[in-house]
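Have a look at the structure below before the remarks.
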Amino acid sequence: MIMDYRPQRIEEKWQRRWAEQNLNSLTDDQLRTAERPFYNLMMFPYPSAEGLHVGNMYAFTGADIYGRWQRLQGEAVFEPIGFDAFGIHSENFALRIGTHPMELIPRNIRNFTRQLTRIGAMYDWNHVVDTTDPSYYRWTQWLFLQLYRAGLAEKKEAAVNWCPSCHTVLANEQVIAGACERCGTTVEQRTLSQWFFTITKYAQRLLDNLKWIDWSETTKKAQENWIGRSEGAEIWFEVDSPWHADPGSAAAVAVADARAYHHGRGEDDEYEQKLQISVFTTRPDTIFGATFLVLAPEHPVVDWVTTDARRAEVEAYRERAAAMDLVTRKKTDKDKTGVFTGAYAINPASGTPVEIWIADYVLMEYGTGAIMAVPGHDERDFEFATQFALPIVRVIAGPGADADSPLREAYVGEGVLVNSGEFDGLHSGEAIGRITDWLAGHGVGDRKVNYRLHDWCISRQRYWGPPIPIIYCDACGIVPVPEQDLPVVLPHVENYKPDESGVSPLARDETWYRVLCPKCGRTGRRETDVSDTFLDSAWYFLRYPSANRDDVVFDRELTRKWLPVHMYIGGNEHAVLHLLYARFITMVLKDLGHIDFEEPFRRFRAHGLLIKEGAKMSKSRGNVVIPDRYIEDWGADTFRTYLMFLGPYQEGGDFRDQGLQGPFGFFSRLWDAVVPVAELGTAQPAGSIEQKLHATIAKVTEDIAALRYNTAIAAMMEYLNAVREGNRNVNRAEVEPLVVLVAPFAPHIAEELWELLGHTQSIFAGANWPSHDPAKTMADTVEFVVQVNGKLRARMAMSRGISQDDAQAAALADENVRKYIDGAQVRKVIFVPDRLLNLVVG
RNA sequence: GCCCGGGUGGUGAAAUGGCAAACACGGCGGACUCAAAAUCCGCUGCCGGCAACGGCUUGUGGGUUCGAGUCCCACCCCGGGCACCA
């Protein structure tokens with residue numbers, strides 16, 4: 001009588017043994033001396049109070065299988081885990097339940113640690129990272145100082161996204177369709193002084209490297225779109241109306257400092273000075289159709305050009321736009337609004353005067369904050385021109401159209417230039433370059449590339465984050481905290497609730513922020529904002545190997561050995577946030593000489609999303625899958641394997657409670673097949689079993705490499721079914737390789753069976769991934785298909801490698817085939833060796 | 001609107017241009033059982049037929065090919081991301 005498969009008992013036993021014998025961890029010494037290092041990284045979780053989510057577990061299991069597989073192939077696998085525990089999410093939760101985050105987070109981390117152990121992942125508990133630990137965020141602050149010194153951290157007055165519910169500023173990346181990513185509240189505009197990392201300086205490099213890094217295509221595409229490179233031209237329109245600016249006025253300073261909105265400003269006589277308005281366009285070929293200009297309401301030049309008659313209306317419009325929240329402002333389906341400034345500019349190509357308008361559909365943050373409107377060939381401009389009865393001119397003739405064809409809507413396609421002076425007849429594609437050259441030759445334009453990417457605002461007016469290591473001194477200005485004074489420890493502030501003031505709760509603790517200036521020794525004041533959580537997670541992978549080092553941010557030698565990360569697996573929800581910032585920080589560290597690579601992750605693979613019985617999982621629907629319960633009922637091996645079996649890993653899938661039965665039954669049958677070890681014969685696999693074994697090893701190996709876990713599991717099931725068929729005696733050599741194949745998916749049962757098979761070492765230390773002989777993966781006889789005119793008419797067993805003549809003879813001898821040929825002429829024969837014969841008749 | 005995915009049995013899903021539906025769930029029938037659960041065996045895309053077998057079938061419509069779920073063109077639907085980005 002054999003014992004039933006009892007996963008809970010086995011799993012407890014092996015989890016204890018792994019921990020006691022440190023089987024999953026590397027010592028610092030092993031890290032230093034490993035010969036075949038493999039850094040297997042997964043996205044570290046935010047330790048929520050709700051506990052480990054099934055989405056976390058899906059991600060971790062897929063990554064763990066890959067790591068365990070690498071280890072069975074002889075790699076020294078480093079698979080660390082940590083906690084991304086700072087941030088608004090934790091803080092808001094702490095506020096809600098009334099527990100201080102300094103109490104709450106360690107509790108959550110303990111709970112997560114328990115759960116992460118229970119799922120059977122191969123985590124290295126010797127190298128754990130916790131972003132809220134001063135020994136970690138000390139280096140986050142160090143990182144800020146490196147960027148500051150390199151001129152990549154700037155303090156800017158900026159209109160920012162303000163979440164009125166969280167009372168904080170959000171990065172553009174954290175604004176989802178105009179709402180706060182965390183709480184869903186509509187985001188407003190506010191102007192605050194903030195720290196920015198100038199990631200835009202790296203836009204082109206971040207884009208260029210996408211061409212060669214080995215990442216999921218979907219993720220690369222998302223980054224490419226986010227960076228949003230546009231090639232076009234900058235064109236200067238001269239203002240043709242009286243204009244004025246007090247050279248000392250705020251507007252004049254803003255314009256002079258910001259960028260080249262104007263050229264050739266004269267000394268004093270304002271009417272003889274030249275004022276030019278710069279616009280960005282991707283369609284310089286349409287310049288003859290630019291019948292008006294539109295400036296963003298915030299554009300500083302508006303102050304200079306607006307006529308007295310129009311000033312009241314313009315100001316009213318600007319005030320309305322400034323008060324409007326960003327969602328409404330950026331709604332594409334609302335009616336176009338705008339007002340005429342009373343001023344005119346000259347179209348530099350046609351020489352025609354054009355009206356200068358302001359409208360909120362032009363955004364200050366993109367391009368130059370001003371556009372040349374070409375209503376004939378741009379949908380938004382067309383709508384605006386129609387609304388305000390502005391002239392619409394056709395300058396591109398598409399197929400079947402000519403210079404006089406009426407435009408009922410904007411024609412945005414390619415075509416031949418018309419109404420464009422000397423450029424008439426040119427194809428629009430060619431005209432882009434020719435007209436840009438012409439404009440450049442006349443000093444009124446130039447080639448220009450724009451990016452949608454914005455600088456990264458890292459300031460947060462909140463409590464739960466690393467304080468930004470800056471001191472403000474009345475005498476010295478901005479003074480970075482000296483590196484030897486790090487960390488700037490986050491004080492325990494009792495009332496950490498944010499308020500309307502827009503100032504961090506740290507500003508309430510005067511004993512904390514009142515410090516002496518490190519430069520001059522006089523009284524200074526600490527920066528009271530903390531940094532964005534995304535900064536914590538932008539470099540954690542660099543810290544893991546050096547997690548136990550207090551003296552350096554990362555050990556140079558260890559970093560060279562283990563990085564870039566060999567395999568990174570995670571969710572695509574981080575395609576443009578975390579993953580872009582991590583690349584940026586890595587590039588900066590390379591440029592500053594701290595590391596010698598500029599891309600942090602050799603390979604990145606995005607896993608898919610889990611849904612539950614056809615619906616998205618959500619707390620409100622009450623269909624969230626809690627791993628603990630399932631693990632308790634079925635065991636971690638079954639749960640892990642089911643998660644991987646329910647669909648292609650990189651596409652996600654549908655979680656159904658009933659589905660767990662499949663993998664559970666598989667393991668039960670595997671158990672029953674292997675446990676009666678005394679009865680196992682010693683004969684080597686032969687015949688169809690041998691062939692099936694080799695094919696299975698090949699299939700499972702290929703599938704794991706490609707993250708096709710679902711079909712790998714199916715192949716193992718098929719093999720076990722074949723071994724069990726006919727109630728025959730099972731031989732050890734038939735099942736021992738299967739136990740190894742199963743190990744990455746179901747490590748506990750694999751360990752137990754491996755031990756029952758007489759091995760004394762852990763399967764992950766003692767076993768080799770089975771190899772296969774390609775020649776043995778194929779059977780001697782093949783099932784051969786005979787078609788007549790492409791329709792299946794017979795299947796016949798034939799020996800491998802049969803010649804076309806022999807196959808054809810056999811086919812023609814078949815009664816059913818003969819019936820369909822029916823004496824007709826065989827005109828053509830298609831022969832696919834060992835597969836198919838198609839007889840074309842008639 | 002743009003950029004990614006995806007659309008195949010009752011369900012989750014397989015399928016280098018070459019046997020559509022592997023593997024699994026569920027269902028049905030049987031064995032074991034006093035009975036039930038568990039387990040084991042068989043059947044299970046749809047239509048016709050006692051059967052051999054035949055016809056139909058991968059969102060829709062065209063096309064390429066000896067042969068298309070797979071390639072090409074047009075379109076519809078679902079999921080995700082971006083979006084007055086000039």
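Sequence lines set the chain letters: A, B, ... in the order given, protein chains first and strands last, and positions in each chain run from 1.
Within 4.0 Å of A:E783, counting heavy atoms only, lies at least one base atom of the nucleic acid. Among the protein residues, A:V279 comes within range of no part of the nucleic acid, since none of its heavy atoms lies under 4.0 Å from any strand. Residue contacts for A:R793: at a heavy-atom cut-off of 4.0 Å it reaches the sugar-phosphate backbone alone, with no base atom in range. Across all strands shown, A:P663 has no heavy atoms under 4.0 Å from either base or sugar-phosphate atoms. Base contact: A:I830 has a heavy atom under 4.0 Å from a base atom. Among the protein residues, A:N838 comes within range of the nucleic acid bases, having at least one heavy atom under 4.0 Å from a base atom.
Residue A:R669 places none of its side-chain N or O atoms closer than 4.0 Å to OP1 or OP2 of B:rU39. In this model, the phosphate group of B:rC66 is approached by a side-chain N or O of A:K828 to a distance below 4.0 Å at OP1 or OP2.
Look at the P atom in both B:rG61 and B:rC28: the space between them is 35 Å, to the nearest Å. Look at the P atom in both B:rA21 and B:rA86: the space between them is 49 Å, to the nearest Å. Taking atom C1' in both B:rG63 and B:rG17, one finds a spacing of 16 Å when rounded to whole Å. Between the P atoms of B:rG1 and B:rA74, the separation comes to 16 Å (whole Å). For the C1' atoms, the distance from B:rC32 to B:rG42 is 15 Å, rounded to whole Å. Comparing B:rU8 with B:rG59, their C1' atoms are spaced 10 Å from each other, to the whole Å. Spacing of P atoms, B:rC41 relative to B:rC23, comes out at 13 Å, to the nearest Å. Taking atom P in both B:rC19 and B:rG10, the straight-line distance is 22 Å, to the nearest Å.
In this entry the base of B:rG9 is syn relative to its sugar, with a glycosidic angle within 90° of 0.
Put simply, NZ on A:K448 is 14 Å from P on B:rA86, counting in whole angstrom units. Rounded to whole Å, the distance from CG on A:L836 to P on B:rU16 is 16 Å. The CD-P distance, from A:E573 to B:rG79, rounds to 19 Å in whole Å. Remark: C1' of B:rG79 and CG of A:N572 are 13 Å apart, rounded to the nearest angstrom. The distance between atom CG of A:L660 and atom P of B:rU11, rounded to the nearest whole Å, is 20 Å. Atom OH of A:Y366 and atom P of B:rC82 are 17 Å apart (whole Å). Rounded to a whole Å, the CZ atom of A:F666 is 12 Å from the P atom of B:rC25. Rounding to whole angstrom units, CD of residue A:Q658 and C1' of B:rA13 are separated by 15 Å.
Ring planes of A:H574 and A:H578: perpendicular class, angle over 60° (limits at 30 and 60°). Between A:Y58 and A:Y649, the ring planes are tilted. Angles from 30° to 60° get that label. Between A:Y642 and A:F655, the angle of the ring planes goes over 60°, which puts this pair in the perpendicular group of the 30/60° scheme.
At a cut-off of 3.5 angstrom, the base of B:rC25 holds no donor-acceptor pair with the side chain of A:R656. Remark: the A:Q787 side chain and the B:rG18 base include a donor-acceptor N/O pair separated by less than 3.5 Å.
Rounded to the nearest 0.5 angstrom, A:L453 CG and A:N450 CG are separated by 11.5 Å. To the nearest 0.5 Å, atom CZ of residue A:R800 and atom CZ of residue A:F784 are 11.0 Å apart.
Between B:rA14, B:rA86, B:rA20, one nucleotide has an atom nearer to the side chain of A:T281 than all others, and that is B:rA86. Of the candidates B:rA20, B:rU16, B:rC84, the closest approach to any side-chain atom of A:Y361 belongs to B:rC84. Checking B:rU39, B:rC41, B:rA13 against the side-chain heavy atoms of A:D654 singles out B:rA13 as nearest. Closest approach to the A:F280 side chain among B:rA86, B:rC19, B:rC25 is made by B:rA86 (side chain taken as heavy atoms from C-beta onward). Side-chain proximity of A:K791 to the nucleotides B:rA86, B:rG55, B:rA14 is greatest for B:rG55. When distances run from any side-chain atom of A:S230 to the nucleotides B:rC82, B:rA86, B:rG18, the shortest one goes to B:rA86. Taking the side chain of A:Y820 as heavy atoms from C-beta on, and the options B:rA83, B:rG54, B:rG26, the nearest nucleotide is B:rG54. Of all nucleotides listed (B:rA83, B:rC84, B:rC19), B:rA83 comes nearest to the side chain of A:W226. Comparing atom distances between the A:E365 side chain and each of B:rC25, B:rA86, B:rC85 picks out B:rC85 as nearest. For A:N816, taking side-chain heavy atoms from C-beta onward, the closest of the listed nucleotides B:rG18, B:rC40, B:rG54 is B:rG54.
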Could you spell out the base pairing of RNA chain B in dot-bracket, with Watson-Crick or G-U pairs whose two distances are under 3.5 Å, [ ] crossing and | to another strand? (((((((..(((.....[....)))((((((.......))))))((((....))))..(((((..]....))))))))))))....
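Side-chain contact between A:R394 and A:H377 is present, with at least one heavy-atom pair separated by less than 4.5 Å. For the pair A:I213 and A:R583, the minimum side-chain heavy-atom distance is below 4.5 Å.
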So which protein nitrogen or oxygen atoms get under 3.5 Å of nucleotides 21-23 of chain B's nitrogens or oxygens?
unit_1	atom_1	unit_2	atom_2	d
B:rA22	O2'	A:E718	OE2	3.2

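Ring centroids of A:Y5 and A:F664 are separated by less than 6.0 Å, placing the two rings close together. No close placement of the A:F534 and A:W456 rings is indicated, their centers lying 6.0 Å or farther apart. Here the two rings, on A:F666 and A:F645, have centers that are 6.0 Å apart or farther.
Figure legend: A:R793 and A:Y820 shown as a cation-pi pair, the cationic atom lying under 6.0 angstrom from the six-membered ring centre and within 45 degrees of its axis. Both tests hold for A:K336 against A:Y361: distance to the six-membered ring centre under 6.0 Å, angle to the ring axis within 45°.
Between A:T218 and A:L646, the residue whose closest nucleotide on RNA chain B is further toward the 5' end is A:T218. Take the nearest nucleotide of RNA chain B for A:K616 and for A:M372: the residue whose nucleotide is more 5' is A:K616.
A salt bridge links A:K220 with A:E217; the closest basic N to acidic carboxylate O contact falls under 4.0 Å.
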